[in-house]
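Letters A, B, ... are given to chains in the order of the sequence lines, protein chains preceding strands, and every chain is numbered from 1.
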Amino acid sequence: MAAIASFMVGGMPSIHALRGPQDGLPLLERYARGEFAAVERQLQTLDEDGRGDLLKMLKHAAPSWIETGGATDRARRRLAAATFALEAARAGEWDDWKLLQRDVHQDTGRGGTTTIVASDMLFWSAAPQLIEWGCLLLRGAEAPGPLELRWHLAALAVAQRSEDFEFLIGSPFEPRSDPSVGIMHLRHAMQRFPQETRFRLAYAEAFASRLFQQPPKSGATEAVAEFSALIDDPDVGGEAAMRLGIVLFRQRNYDAARARMDKAEELTRDPYVRYLARYVRGRILEGQHQTVAAEREYRTALAVMPRAQSASVALASLLAQRGRREEAARLSVDATRTPVAVDPWREHVHGDDRFWPKWIAALRAEFAR
Amino acid sequence: MTTRMRCVAILTAASAMSAVLASQTPAASPTQQAPPTFRVATDVVTVPVFVHAGDAAVGSLSTADFVLTDNGVPQTIQRVESEAVPTDVTVLVETSRAMRASMAPLTSQAQRIVARVQPTDRVEVLTIDSYVSEIRALRSPLEQMPLARLMPGGMASVNDALVLALLREPDDQRRHLIVAITDSIDSMSESTFDTVRTAARRSSATLEVVWQTLGDGGAVSGQMLRTESELALSEQCGLSQRCEVTSRFFTPHVWPPPGRPRAAFEVLREAAAITGGAVHQPATFTDQVAVRVFERLYDDYRHAYVLRYAPSGVPRAGVHEIVVTVPRHPSYEIRARRSYEIDEAPAPAATVPAAGSIEALMAAGARGDDSALALALRQPRTATDLVRLLRGFPDAARRWSGDVGHEFMLALRLAAEGLTQSGDARDEGVVLMQRYSALARQTSPELERVWYAATAAILDGVLLPTVSVPYIQHAADRFPDEPRLRLAQAIAVDQKWHIGDAAIMGAPKDGDIRALLELYGRAGVAPETHQEALVRSAFFLHRLGRDREALDKLTAAGDAGSDTSLRFWRWLVLGQVLEGLGRSDEATSAFRSAERLSPGAQSARAALMVQLARHGGDAEARALAVEIGTATSGTDPWLDYWVGEGRRLSDALERLKRYN
């Protein structure tokens, strides 16, 4: 376990800023009072142990703190505590959410045959457990309502930012020595809000995101099926088409990928979706040596997301090859100027993280009133 | 030559440094094979050249000593003093999560490199993680603030960073040296080593890559290169058979992947060599840390010769092989760029869209030129032209790069043109509006809200309740918290029984009446629509002959507020209601109040004239009749009554246009 503990700390330059679980409750109280910026800063200083202490505090002390509010304040405190847990989970941006300890052992079957079995033991870090604690707190309280939906949308933003699909959909493909430790957070959200198609989109994306692993693993079939089923959805159809296009692009099915990107642009004017549709079309066209058409795609991508680095690099490279060095140089300088522009291509696996500012502001406004 | 050409070439002679480098990099080009760094302003190529004899830089050569060929064709060169050509230094530092154990030394090295740059030169610092970020802009080292400790995180966009750095052209009159402190293992870029090499061929810069932890891992790995962290993990797994792995799944790729042979970096080495630079690997018993490498290169760089030539006798486009030699001293060693490449492609010609085309409409919208837009909307001379425009708009707009709000505003104005027609044009107008409603829904709730506000204004204004009622009802259901949509819905329903469709609809039945009054009631819950909903429901009741109820509504509505039109309507309706209740004097007074609110309004004057004529005020009635017949009529707010939310169309379109 020492190895696990050292992994969880991870060598990150954070500090264990709580002296123990007892320090967490005042932090929660300040948060519930609306001292968001100060509490957020303090949460960002926590290391894995600090978040672990926070989780312990929430489990042991938060229920009574919520009850202390009485009938009039109970719901507000409950939402504040669950949202506080979300913020704490999000604070350790670059800490891993779990440890996988690869275990290779011999397994003797019925016929006395001995095989070598490789499976992973899974240990969740505090961040995902904080989210699950908040999830349980809200879903155990009352019938699903708009505030809980917002919380779940915010939780999805945090989870997708963590890039840990296993937290969302469990381990359908990975060998785990103890499958019961799976969390499958999306199942909870979808059971509470079966009509919310962003959860269905996230479900599909969880399959798609695992395709980035090296070497490629199964999951593409599931991702294609889930995204395809969403294309006619009036709320997320355009984004589903675009994300399906990316999966097809990764599979080198370029004609089909282009068709999905065209479909995406028929369905939405969301700049994030448009950028990705145009950028991927540009990549495909460039790969097919249609450089004039590729240049046009990169330019239109940058028109909706100025300075985004993926299209800037691609366009600058193309321009330089065609002797237009000055514009290439200008693109290079603009693209790296700080603060650098958010690049949908670099961020697209983070899914709904792009909505985090909106959801957290809405949640804070609810209980800070 | 119509466009500028600019390159840089570097030649170096053998030195202690180059001897070290030669042992760690692929075979250098033959002696006196001179890949120049060249700069070309219009048609002049500038080529810094490094010449060494053994360990010593050779500083006494003249123009006549050099021979330079471009694609084998000897060129006429002139020499300038190297010290006179200042240098721009780009420092790239990888700060991805993979480098997190090296942050302190990386920060220190970057800081020391900045400190060593001469005041006459300039330096910039860029970090490499998932993004490439300029953390210190290009300026004199004297003006640079000290670097704070660099923070690790994210993937490594190494190749993108190299491409971006190579394509920067800080200044025509300066040389450009890039020092990239990285392990060259990319986990994010779409650029590859090939892309870097292509950029190197077009670049004026000299690229030096200094690996931080990547090496051969001692005697174990032989030709395999591993980072320090990979080496540590490998040792752990080898000892325990239980490996701790992390869970960060999103790694688009790791290139070159683990188990990478030295040859995997050959293209990167070639890219650096093309620019006259090299890849420097940490090695035991050498001080190949970035700052040491920089010190040696920078010193050489600042003492280079600079040759200029105007290319002649060679086609401009294509690959140019450059060779610089010093024939009278064949033992001098030269290391530098081998080639550059120019690929001239004409910029696409701008086209002027034809009048009446979708492109003309979009162009007017993109310019934000309202008069041009109005003209473009009037261009279709026939219904067929208009139908063609309406049908073609979505596809043309899909690839448009203008603001989203502008596009939606254009779509709505075009749809409105269709709605004012009949037949196919009207149908296509409705289709276009519905299509953009669906688009707005998938784009953002904010856009959908302003879109529906604008469409409700259009639909109330075109007085087509058969079209507008179901549409606005849908809008109001999407945004139940938007009182103006509820009001627009009630107005659209109200229009059924007053205007053209009355003959079709017949008189409202009891259920219709209850439903409309309920709609007005719901619309009147919000403060901003309370007064108008009451006045409109009062007028509806008056038309049904239910004046007593109408009076109650008007009394509840009151006369307060800044909406002059609304107050005018109230007085006018109140006059009619009071007349209906037989309270003639009060009715007359109400009409006079309306007339005072909007002097010259024909509706108020006419109502007052009729009222006076009925109740013995003949003289005044006759005078009013003359005035009505001869005077220029003023603004009449009543004309806006039946267009409902259409009176807010300008504001609604403006809000839509501003959405982005």
Side-chain angles (χ1 to χ4, degrees), chain A residues 3-4 7 11-13 93-94 96-104 163-166 209-210 212-214 234-239 265-271 283 292 299-300 303-304 309-310 313-314 316-317 320-326 328-329 332-333 335-338 340 343 346 349, chain B residues 3-6 97 100-101 103 126 130-135 151-154 157 160 163-165 167-169 188-191 195 198-199 202 241-254 257 317 342-345 347-348 394 398-399 401 404 407 438-439 441-444 447:
Chain A
I4 297 168
F7 159 79
M12 298 294 286
E93 179 184 358
W94 288 107
D96 284 313
W97 273 27
K98 63 174 179 272
L99 168 75
L100 297 173
Q101 193 172 59
R102 190 146 300 152
D103 191 16
V104 181
E163 302 169 358
D164 194 320
F165 68 83
E166 198 164 6
S209 65
R210 76 185 297 286
F212 285 101
Q213 286 179 283
Q214 300 289 334
D235 291 309
V236 301
E239 185 169 347
E265 283 211 90
E266 275 176 37
L267 294 173
T268 180
R269 293 294 183 267
D270 180 344
R283 295 285 317 285
V292 173
R299 285 189 188 283
T300 55
V304 292
Q309 287 192 350
S310 50
V313 174
S317 299
Q321 286 175 42
R322 299 168 71 186
R324 285 143 72 182
R325 296 282 313 281
E326 284 183 64
S332 168
V333 172
T336 55
R337 201 174 58 237
T338 49
V340 294
D343 184 341
R346 302 211 198 293
V349 292
Chain B
T3 56
R4 285 180 10 172
M5 179 168 61
R6 176 171 179 266
R97 191 166 188 261
R100 63 182 178 174
M103 280 302 107
L126 284 77
S130 296
Y131 292 84
V132 186
S133 307
E134 178 193 87
I135 59 168
M151 298 301 291
S157 295
D160 279 354
V163 169
L164 287 169
L167 296 182
R168 293 161 101 84
E169 291 190 283
M188 175 58 88
S189 303
E190 292 302 320
S191 305
T195 323
T198 303
R202 273 84 180 175
Q241 291 295 306
R242 292 164 77 94
C243 309
E244 274 79 39
V245 293
T246 61
S247 67
R248 202 149 201 101
F249 287 97
F250 175 59
T251 305
H253 51 252
V254 177
I342 300 293
D343 180 7
E344 280 186 281
R398 186 170 62 80
R399 310 310 318 282
S401 296
V404 171
E407 181 194 337
L439 263 178
R441 178 171 175 173
Q442 293 218 21
T443 300
S444 79
L447 175 63

Measure distances from A:Arg283 to the heavy atoms of chain B and classify the residue's part below 4.5 Å as side chain, backbone, both or neither.
side chain
d(A:Gln321 CD, B:Thr195 OG1) to nearest 0.5 Å is 8.0 Å
Taken to the nearest 0.5 Å, the spacing of B:Ser191 OG from A:Gln309 CD works out to 10.5 Å
d(A:Ser332 OG, B:Asp160 CG) to nearest 0.5 Å is 10.5 Å
Separation of A:Glu326 CD from B:Glu169 CD (nearest 0.5 Å):
7.0 Å
If one checks every heavy atom of A:Val304 against chain B at 4.5 Å, the contacting part turns out to be neither
Can you say whether B:Val132 sits under 4.5 Å from chain A via the side chain, the backbone, both, or neither, judging by heavy atoms?
both
Looking at CZ of A:Arg269 and CG of B:Leu447, how far apart are the two atoms once the value is rounded to the nearest 0.5 Å?
10.0 Å
Can B:Arg398 and A:Glu266 be counted as an ion pair, charged N to O under 4.0 angstrom?
no
When heavy-atom pairs shorter than 4.5 Å are enumerated against chain A, which of B:Leu126, B:Ile135, B:Leu164 gives the highest number?
B:Leu164
Look only at the side chain of A:Arg346 and the backbone of B:Ser130, and say whether a donor-acceptor pair between them is shorter than 3.5 Å.
yes
With distance as the sole test, does A:Thr268 use its side chain to make a donor-acceptor pair with the main-chain N or O of B:Gln442 at under 3.5 Å?
yes
Are the side chain of B:Tyr131 and the backbone of A:Asp343 linked by a donor-acceptor contact shorter than 3.5 Å?
yes
Which portion of B:Ala199 sits near chain A, non-hydrogen atoms under 4.5 angstrom:
neither
dist A:Glu265:CD -> B:Leu439:CG (nearest 0.5 Å) comes out at 10.5 Å
Selection from A:Thr338, A:Leu267, A:Val340 maximising heavy-atom pairs under 4.5 Å formed with chain B:
A:Leu267
Leading residue by heavy atom contact count with chain B [cutoff under 4.5 Å; candidates A:Ser317, A:Pro234, A:Ala316]
A:Pro234
Does any donor atom in the side chain of A:Thr336 or B:Arg168 lie under 3.5 Å from an acceptor atom in the other side chain?
yes
Where does B:Leu167 contact chain A at under 4.5 Å (heavy atoms): side chain, backbone, both or neither?
both
Taking B:Glu190 for the side chain and A:Ser310 for the main chain, is one N or O donor matched with an acceptor at less than 3.5 Å?
no
